[in-house]
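Every chain is numbered from 1, with letters handed out A, B, ... down the list of sequences. Below, each value reflects all heavy atoms present in this structure, side chains not excepted, and no hydrogens, waters or symmetry copies.
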Amino acid sequence: METKTDVESVIIKFAGDSGDGMQLAGSLFTSTTANIGNQLATFPDFPSEIRAPHGTVAGVSGFQIHFGTSGVYSPGDEPDVLIAMNPAALKANWTHLKPACTIIVDVDSFSPKAIAKAGFEGNPLEDDSLADYKVIEAPITSLTKSSIADLGLDNKSVVRCKNMFALGMVFWLYNEPLEQTINFFNKKFSSKPLIAEANITVMKTGHNFAETIEALPSSTTIAPAKKAPGTYRNMTGNQATAWGLLAAAKKANRDLFLGTYPITPATDILHELTKHKWSGVKIFQAEDEIAGICSAIGASFAGDLAVTTTSGPGMALKTEAIGLAIMTELPLVIVNVQRGGPSTGLPTKTEQSDLNQALFGRNGDSPLVVLSASTPSSCFEMAIEASRIAVEHMTPVILLTESYIANGSEPWKVKLIDELEEIHPNTADDLESWSPYSRDEKTLARKWVIPGTPGFEHRIGGLEKEDVTGNVSYLPENHANMIQLRDDKVAKVVDDIPLQRVKGEKANRLLVVGWGGQFGILFGAVSGLQKEGKDIAFTHFNYLHPLPKNTREVFSNHDRIVVCELNNGQFADHLQSQFPEFKFERYNKIQGLPFKIKELQKKFNELLEEK
Amino acid sequence: METKTDVESVIIKFAGDSGDGMQLAGSLFTSTTANIGNQLATFPDFPSEIRAPHGTVAGVSGFQIHFGTSGVYSPGDEPDVLIAMNPAALKANWTHLKPACTIIVDVDSFSPKAIAKAGFEGNPLEDDSLADYKVIEAPITSLTKSSIADLGLDNKSVVRCKNMFALGMVFWLYNEPLEQTINFFNKKFSSKPLIAEANITVMKTGHNFAETIEALPSSTTIAPAKKAPGTYRNMTGNQATAWGLLAAAKKANRDLFLGTYPITPATDILHELTKHKWSGVKIFQAEDEIAGICSAIGASFAGDLAVTTTSGPGMALKTEAIGLAIMTELPLVIVNVQRGGPSTGLPTKTEQSDLNQALFGRNGDSPLVVLSASTPSSCFEMAIEASRIAVEHMTPVILLTESYIANGSEPWKVKLIDELEEIHPNTADDLESWSPYSRDEKTLARKWVIPGTPGFEHRIGGLEKEDVTGNVSYLPENHANMIQLRDDKVAKVVDDIPLQRVKGEKANRLLVVGWGGQFGILFGAVSGLQKEGKDIAFTHFNYLHPLPKNTREVFSNHDRIVVCELNNGQFADHLQSQFPEFKFERYNKIQGLPFKIKELQKKFNELLEEK
Amino acid sequence: MEDAVTLKPKEYASTQEVKWCPGCGDYAVLKAVQMALSQLNIPKEKVTFVSGIGCSSRFPYYMGSYGFHSIHGRAPGIATGVKIANPDLSVWIASGDGDSLAIGGNHFIHAIRRNIDINLLLFNNQIYGLTKGQYSPTSELGKVTKSSPHGTVEEPFSPGELSIGSRSRFFARVVDTDVKMMIEVMKEAEQHRGFSVIEILQNCLIFNDKTHAEVTNKETKADNQLLLEHGKPMLFGADNNKGLRLNGLDLEVVTLGENGISEEDILVHDAENPNPSLQFMLSNLKSPLALGVIRKVKDTTYDQALHDQREEEKQKSKFKSLDDLYLSGNTFTVN
Amino acid sequence: MEDAVTLKPKEYASTQEVKWCPGCGDYAVLKAVQMALSQLNIPKEKVTFVSGIGCSSRFPYYMGSYGFHSIHGRAPGIATGVKIANPDLSVWIASGDGDSLAIGGNHFIHAIRRNIDINLLLFNNQIYGLTKGQYSPTSELGKVTKSSPHGTVEEPFSPGELSIGSRSRFFARVVDTDVKMMIEVMKEAEQHRGFSVIEILQNCLIFNDKTHAEVTNKETKADNQLLLEHGKPMLFGADNNKGLRLNGLDLEVVTLGENGISEEDILVHDAENPNPSLQFMLSNLKSPLALGVIRKVKDTTYDQALHDQREEEKQKSKFKSLDDLYLSGNTFTVN
Ligand SMILES: Cc1ncc(C[n+]2csc(CCOP(=O)(O)OP(=O)(O)O)c2C)c(N)n1
Ligand SMILES: Cc1ncc(C[n+]2csc(CCOP(=O)(O)OP(=O)(O)O)c2C)c(N)n1
Ligand code: SF4
Ligand code: SF4
Ligand SMILES: [Mg+2]
Ligand SMILES: [Mg+2]
């Protein structure tokens, strides 16, 4: 089963009782989205019975819209966002729910009676039948009521506005302007200004509500490759990260420890993992990000596979402690689900602007490993990679994902635990040959010792360590040597990661370079041009520091190289400082939005044609 | 009066009563320092009277040693470090004290009687006659006693060891090994092992004491240029920073606000400023670095010239708040007195390894201005520059100094307030034309408004701001625009800073590039080679971001360029990413120590000769 | 505060659309603040609202005064800088239970200890609202939330207890359902010189609806609220015939007229007693819940003391200008 | 703890040279810890010492156990991770008044609230030692230090008061001059399950010498120290004839035999009373200063509760393996 949505399109379905005004909400959304130049296809879906009873599945009215910048050929199959105004609407779509999709429900409508009428046995919001979905429980009816309570409308007119609440939320999620709809109402109800005001107010209330609760947009991102045979399930990137960490702990034969503090858009990793206490995962919701990472460092010292998760501002708070993990050479996985910056910035929007912080944001010369995930499902693999490198090389590893893929979903080919490669923590065993800072010859990793083990008692800390013994040392030569050793240790990770691959010819007019969660879109843009016979190639980085061994080779023999990223050129700078012999051109987008295939192709065509 | 010490040498004087063993301490230090290959000159200075009364000036015995890697031609004039074992020893050196030098006193000896005997009117440690110096009050006698209390020696033998306490401290300050002295005692007192042990223990105790209290080494760093006529005084870099900030506030007609938390080696700026409450400076010793910088941001919002001071680990904690200052476009001076990293690292040693953190250590695209000071006295000017740029361009400015110059001293040509240029804060005045984020055409700076001013009430914050209004905005195009504006605003500072200068011919075989506090030593090394007729030039950066306008030009026409810095190549990377057309070679030293002229010249000669 | 034309409460509002969920307790607080400021007749340019991050921290945007929506947990730091720099301002903090007691806990206790003249509104909805419903340091033990699907396993802070443990000089507790009480308490806090904490039991109808219902419900509130007034006996209940008395070191609820209890036996509230013992007990009491100003003790403020010290040094110092300083002590001349 | 050959106190030491100033109060603490561990017979590999930054935070280097000298203020975070990851360890924190109450204040209060089973030694020398003598959050009002040449203008925290305000289950206070008392209290803390704070009045002879002298001096200590013992009357004084009694809500010093006072009138110490009121008063008492275990209340620990929840979920969950999870719910097949 292959979904027919394109990477850049979204499917939304408004569903409610026939009286709930779903068709109006749908068509208002349609005209706004058409107006801002989107492709679209819609599918209004009325109840088949003329007078189906209120609150039953038969009485559900739906409006599905598929919109986007390209590739929209049909209304699509399953929605990315379902708005269910009552239990029946949820039930009616029950078999067409794409796991990991977002479901906005009007919780006010979930009375035991309504639930029964819809044909549910229990309340689907309370049992775990929606565990695979991102459910937003919004009290739509009551908020609608209270938002316009003072207009003095009759109850029927009030309740009739609630479709506008849903519409307001969806407008916020997809960054669409309200003006057109406001005008529509002002015009339509020019003689009934109160009704116009009511609809507009409710729409704004829905819009504000989504902003207030930092609701996150969903999308389907599809790995462009053909799917291999196997069992699949849809997953968001955050869920995949969580599951990947569970798998890594299992393969490394360690307990998983998560120390974290909530922050949008990373919190869902916590929400997901905390459901799985049965697996033995230890969760510490800390008082702040600093305690979050410090607890993880402590847990790592004590032998757990330790993880901390956050987003930009929280990352800033963790930097001092990351330095400690570097100095103490402890394994640690730091997941940063990037959002728009600087400062609080755009908490619900996507961006790739924390790369500099990941590479350089610490006092002193403080090297560590930086990875990124390229699609929702690759979060699973990269979470395992981050864990593997951390415990085998005894180093903190930063894994950068981004709101777009963390919240976006795609089918993931289920990996059973036996299909995954073992992870070999660099544990101390031989007391004779061991010192706190004695190193593995190949990786330069020091040994991991679990407190409680007799004979291996030792002390570590943030002051400069003496080589081998790990005692405090202020000696000049030792410091120089240790700086070098820490650098070399991270550099040697290169021997343990895959080579960089290129899609396309070895020598080209234009090499497109990407990293992180924009993979699908970049791939789509380049593939399209390649099919047109354009002289273009593509390489995408998941390993950002150290860079794969053959990186220099990959850059050779192209007339032009363009680095595409959702920031002001941070990866391009990073490459430029290491490979001065190539010229890295830049295509940066900093709008809190993912790339679009069209804009990329336009740019690439320009670069291909320019002399 | 020109001191004859070289940038790379230190003068230490041990002074005490004739019975205090100063000659032994001095000569033991001499032989260790000679053994590790230093140049040296000594001047033992015995009491003229054979039996001068105990505790009098006449009875003071002194041993001065001048040592270093080069330029040591005489025992020197005034010591950088004076060890005064009693009040008389302090008095005896009273007229040869170089302001800003370090004075280690045995406080136990400062009884009223001894003070009187030495000829002081009051206790010099309690009045402010030593305000210009860095006094370390060490209870040498009592610590000596208690450290060997259990050896069962008679009181006389115990007290005789206290010279070794002083020696231990000095060994720690200058990184010299204890082994040789230990061997000396073991050999000398092989028949009296208890006496050997006592001396060794006391020496170690002094050594540990210096480590425990994070004592900082002093040195004299001399600006290589000829001194212009005028009034001078010796100053350490930290004192100069403090005084520069006082001056800047005066010239900007704003109150000075310092929000800070103690950390070595930055604390002395707090110590200095807090003495000057008379000037109106407002000091807030916060509960941590985060509160320190946040209070400064609040004070800046409220109209003060706001400053926060710290060192590496504290800087890491401040990065989230720096992002807020960037987003709110408030003036803020952040002083980072760099020390050895990563993590707690080497708190008392010098390094230049926080450059990356200053340039990149924040979430999101978050540009700000980065400056550095090149000598102790240039801290004065650069503190003013940082303040000026902050309030005229409405941006946070990071000023990087480093332990070496912050604690080192040099003569500063006194600048009276009238001799300094005015600073013009970009204050809002015209309500008509004002909006919270309306900008000056030339600088792109927004206006500074002081809460309390009627009519200008407005709200700022860390969420993305709408252009002009400063309201919260989630709009994609606005975000892109604001990212660009913030970047441009910082870039435009370039129009307001001096051009980069080069010492030497325009076209050379080798251009030496430096930045920050290694100026004196680099200058010395290059000058020396130039005098030998070598084809070498030198350029030193105080403005690190944005770089001066003519930077590209400065790099042109040299066969080779070598960037010399006390880190793993951070400035070189920064340059390389911006100027791929040049090849920046690196000379990095990461030992917690400043460069030495000899090692630099050796390297430069190699580069000059290599094909 | 200076003479000025009295502004109406609405004139303290900004032109920004208020974005909280309709029905959120935050609206009532906004209203109360505007009424209190109007009644106090403080010009709006003299008011500065500082906040951290959270639903409640959007507060400054809705005030027409000066405002600073800062970063999570750091409002006390920012506000401290504002107040020291400009002591004439009436400085307020709006902050959530997460903002003040999770990430911002350290600044919270230090600001209390220092007694800087700022008023902090603590919006205690016992949940992280903005991030969609994780437990906070005030969520009750066993609470099921998005991040504690199996219930929390940690004791919550009691903000009053923590404040008093941090040397509080002013602590009050109010409910979002009682605007009148809020206004009175806010006025008292503003007029009190020092750091004033007002804990507001605030309802988040989306993620933690009715968490304070037992205390705020019309039906139950008379029996669950103890409205403290300085100098008045601690009576409560629908018939105002229940009261508190001290039994050893326990607070005991008694009924007037029963077992020979008369008003004499009832404790009289002394908010101004520097000895915090009884106030500490009151702040910990669960049923009835003590509302109103629990503690209010006069003391030097940090901003004032800092100011005085500067002035004193100005008088005492031998330096009158920076030139004096620069030329003092050891200078030498090069010709 | 498991059976093991009893180690001598010295065998708990590391081989590192102890670098504190001779005469520093820290030495006595080190000695007491080693004696307490030896008496408790805890194998040294089962002991982990975590610290922040400061003179006192060098502590772990001097123990032959596992140790972590972390970053300033963050020891409770690190230690929490250690304990959750490995609940079998006896986890200790060594931390200064700056480390725990300035930069680390937030972690301090949260660790207390959560009641995780860790013992914290709070070296309170009322000064920042390592950075050469700035005032700390426990320095007394008016204190002249390097950063307060004109005296401080802020009230200090009282660690006991702050702890109890943070829901402390175990708080004790000792003096560095009384190794015997330290040993007893440390043993009690270690055996108590939960977060135990031991405030140690520690002398820094370099930057704050004799700051606790009134309490520790041989001559004055009998009158200034109140040695609390659970279940015993609160008597003190050279002749053990002074005592504390409750006067309303004030603690009053009385003399046995005077004004008809007999032992009956004297308060009996109840460290185990869950109601913290009297313990709160005791922790605030200035003269005499209460020493010993002031509060010790049994309660569930965070680590235990977390562990139990995991075990319960293991029983209850429908998933027995990750494969179960991965294959659960909505999967589909591509051929
Ligand atoms: C440094 C940082 N960490 C985390 C967050 C995410 N965050 C924003 S508000 C919040 C908690 C909100 O709870 P509360 O303070 O109680 O305010 P409420 O929304 O309930 O009014 C969190 C965790 C953030 N914005 N910044
Ligand atoms: C992030 C950070 N900020 C500041 C410092 C500097 N610093 C180290 S220890 C210390 C305070 C020491 O006082 P305390 O905790 O009381 O310990 P003591 O030395 O008195 O035992 C400070 C401010 C640091 N190391 N790291
Ligand atoms: S989510 Fe809760 S706290 Fe936030 S605005 Fe809505 S009701 Fe208020
Ligand atoms: S400085 Fe003070 S606290 Fe630090 S080791 Fe010396 S006496 Fe102890
Ligand atoms: Mg809250
Ligand atoms: Mg201390």
Side-chain angles (χ1 to χ4, degrees), chain A residues 175 211 311-313 315-317 319-320 323-324 326-328 340-349 351 353-354 356-357 359-366 461-464 474-477 479-480 483-484 486-487 567-568 570 573-574 576-578 580-584 589-593, chain B residues 175 211 311-313 315-317 319-320 323-324 326-328 338 340-349 351 353-354 356-357 359-366 461-464 474-477 479-480 483-484 486-487 567-568 570 573-574 576-578 580-583 589-593:
Chain A
N175 256 317
E211 180 181 335
S311 189
M315 196 68 183
L317 288 168
T319 53
E320 192 203 4
L324 180 65
I326 290 172
M327 187 65 106
T328 52
S343 194
T344 313
L346 297 170
T348 56
K349 305 296 172 189
E351 204 157 281
S353 57
D354 294 348
N356 272 340
Q357 179 174 238
L359 293 167
F360 305 118
R362 293 163 295 277
N363 58 303
D365 286 303
S366 43
L463 286 163
E464 182 60 285
Y474 294 92
L475 287 186
E477 299 72 24
H479 180 48
I483 291 275
Q484 196 56 51
R486 285 187 289 262
D487 218 43
N567 63 43
N568 221 348
Q570 302 184 4
D573 281 346
H574 183 50
Q576 192 66 76
S577 78
Q578 290 172 85
E581 65 267 43
F582 307 113
K583 186 172 163 225
F584 296 93
K589 178 173 181 177
I590 328 180
Q591 305 194 348
L593 295 172
Chain B
N175 255 318
E211 178 181 336
S311 189
M315 196 68 182
L317 288 168
T319 54
E320 191 202 5
L324 179 66
I326 290 172
M327 187 64 106
T328 52
Q338 296 167 95
S343 193
T344 312
L346 297 169
T348 56
K349 306 295 173 191
E351 203 156 283
S353 57
D354 293 349
N356 272 340
Q357 178 175 238
L359 292 167
F360 306 118
R362 294 162 294 278
N363 58 304
D365 287 304
S366 43
L463 286 164
E464 182 60 285
Y474 295 91
L475 288 186
E477 300 73 22
H479 180 48
I483 291 274
Q484 196 56 51
R486 286 187 289 262
D487 218 42
N567 63 42
N568 221 346
Q570 302 184 4
D573 281 346
H574 183 49
Q576 192 65 77
S577 78
Q578 290 173 85
E581 65 267 43
F582 306 114
K583 186 172 166 224
K589 177 172 181 177
I590 329 179
Q591 305 193 349
L593 295 172

Peer 1: Do you know which of A:Pro313, A:Gly340, A:Gly461 has the most heavy-atom pairs under 4.5 Å to chain B?
Peer 2: A:Pro313
Peer 1: Select one option (side chain, backbone, both, neither) describing which atoms of A:Glu581 are under 4.5 Å from chain B's heavy atoms.
Peer 2: neither
Peer 1: Mind ranking B:Arg486, B:His574, B:Glu477 by heavy-atom pairs under 4.5 Å with chain A and telling me who comes out on top?
Peer 2: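 Greatest number of close heavy-atom pairs with chain A: B:Arg486.
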Peer 1: I need the single residue from A:Thr344, A:Leu317, A:Thr319 that forms a side chain to side chain contact (heavy atoms under 4.5 Å, CB included) with B:Glu320. Which is it?
Peer 2: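 One option only clears the test, and that one is A:Leu317.
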Peer 1: Are any side-chain N or O atoms of B:Asn363 and backbone N or O atoms of A:Ala316, one a donor and one an acceptor, separated by less than 3.5 Å?
Peer 2: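 Not a single qualifying donor-acceptor pair exists.
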Peer 1: Quick check for you: among B:Gly312, B:Gly592, B:Ser577, which has the greatest number of heavy-atom pairs under 4.5 Å with chain A?
Peer 2: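 Of the candidates given, the most pairs with chain A belong to B:Ser577.
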Peer 1: Could you check whether any side-chain heavy atom of A:Ile483 comes within less than 4.5 Å of a side-chain heavy atom of B:Pro342, counting everything from C-beta outward?
Peer 2: yes
Peer 1: Are the side chains of B:Gln578 and A:Gln576 in contact, using a 4.5 Å heavy-atom criterion?
Peer 2: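 No, every pair of side-chain atoms sits at 4.5 Å or beyond.
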Peer 1: Pick from A:Ser366, A:Pro347, A:Gly345: which one has the most heavy-atom pairs with chain B under 4.5 Å?
Peer 2: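 Option with the greatest count: A:Gly345.
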Peer 1: So for A:Leu593, is it side chain, backbone, both, or neither that comes closer than 4.5 Å to the heavy atoms of chain B?
Peer 2: side chain
Peer 1: Walk me through whether A:Leu463 and B:Leu346 qualify under side chain to side chain contact (heavy atoms under 4.5 Å, CB included).
Peer 2: CA-CA 6 Å; A:Leu463 286 163; B:Leu346 297 169; over 6 Å; no
Peer 1: Are the side chain of B:Asn356 and the backbone N or O of A:Asp365 linked by a donor-acceptor pair below 3.5 Å?
Peer 2: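 Not a single qualifying donor-acceptor pair exists.
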Peer 1: Using a cut-off of under 4.5 Å for heavy-atom pairs, which of A:Ser311, A:Pro580, A:Gly341 has the most such pairs with chain B?
Peer 2: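 Among the listed options, the one with the most contacts to chain B is A:Pro580.
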Peer 1: Which atoms of B:Asn567 are under 4.5 Å from chain A, going by heavy atoms: the side chain, the backbone, both sets, or neither?
Peer 2: both
Peer 1: Does any backbone or side-chain atom of B:Met315 lie under 4.5 Å from a heavy atom of chain A? Answer side chain, backbone, both or neither.
Peer 2: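 Neither; nothing under 4.5 Å.
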Peer 1: Heavy-atom cut-off 4.5 Å, strictly under: side chain, backbone, both or neither for B:Gln338 against chain A?
Peer 2: neither
Peer 1: Heavy-atom distance under 4.5 Å between the side chains of A:Asn175 and B:Pro476, does that happen here?
Peer 2: yes
Peer 1: Can you tell me which portion of A:Gln570 sits under 4.5 Å from chain B's heavy atoms? Options are side chain, backbone, both or neither.
Peer 2: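 When you check distances to chain B, only side chain atoms of A:Gln570 fall under 4.5 Å.
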Peer 1: Working to the nearest 0.5 Å, report the span between NZ of B:Lys589 and NE2 of A:His479.
Peer 2: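 These two atoms lie 11.5 Å from each other.
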Peer 1: Against chain B, work out which of A:Lys583, A:Gln484, A:Lys349, A:Glu464 has the most heavy-atom pairs shorter than 4.5 Å and name it.
Peer 2: A:Glu464
Peer 1: Return the CZ to CG distance between A:Phe360 and B:Asp573, rounded to the nearest 0.5 Å.
Peer 2: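 The CG atom of B:Asp573 is 6.5 Å from CZ of A:Phe360, to the nearest 0.5 Å.
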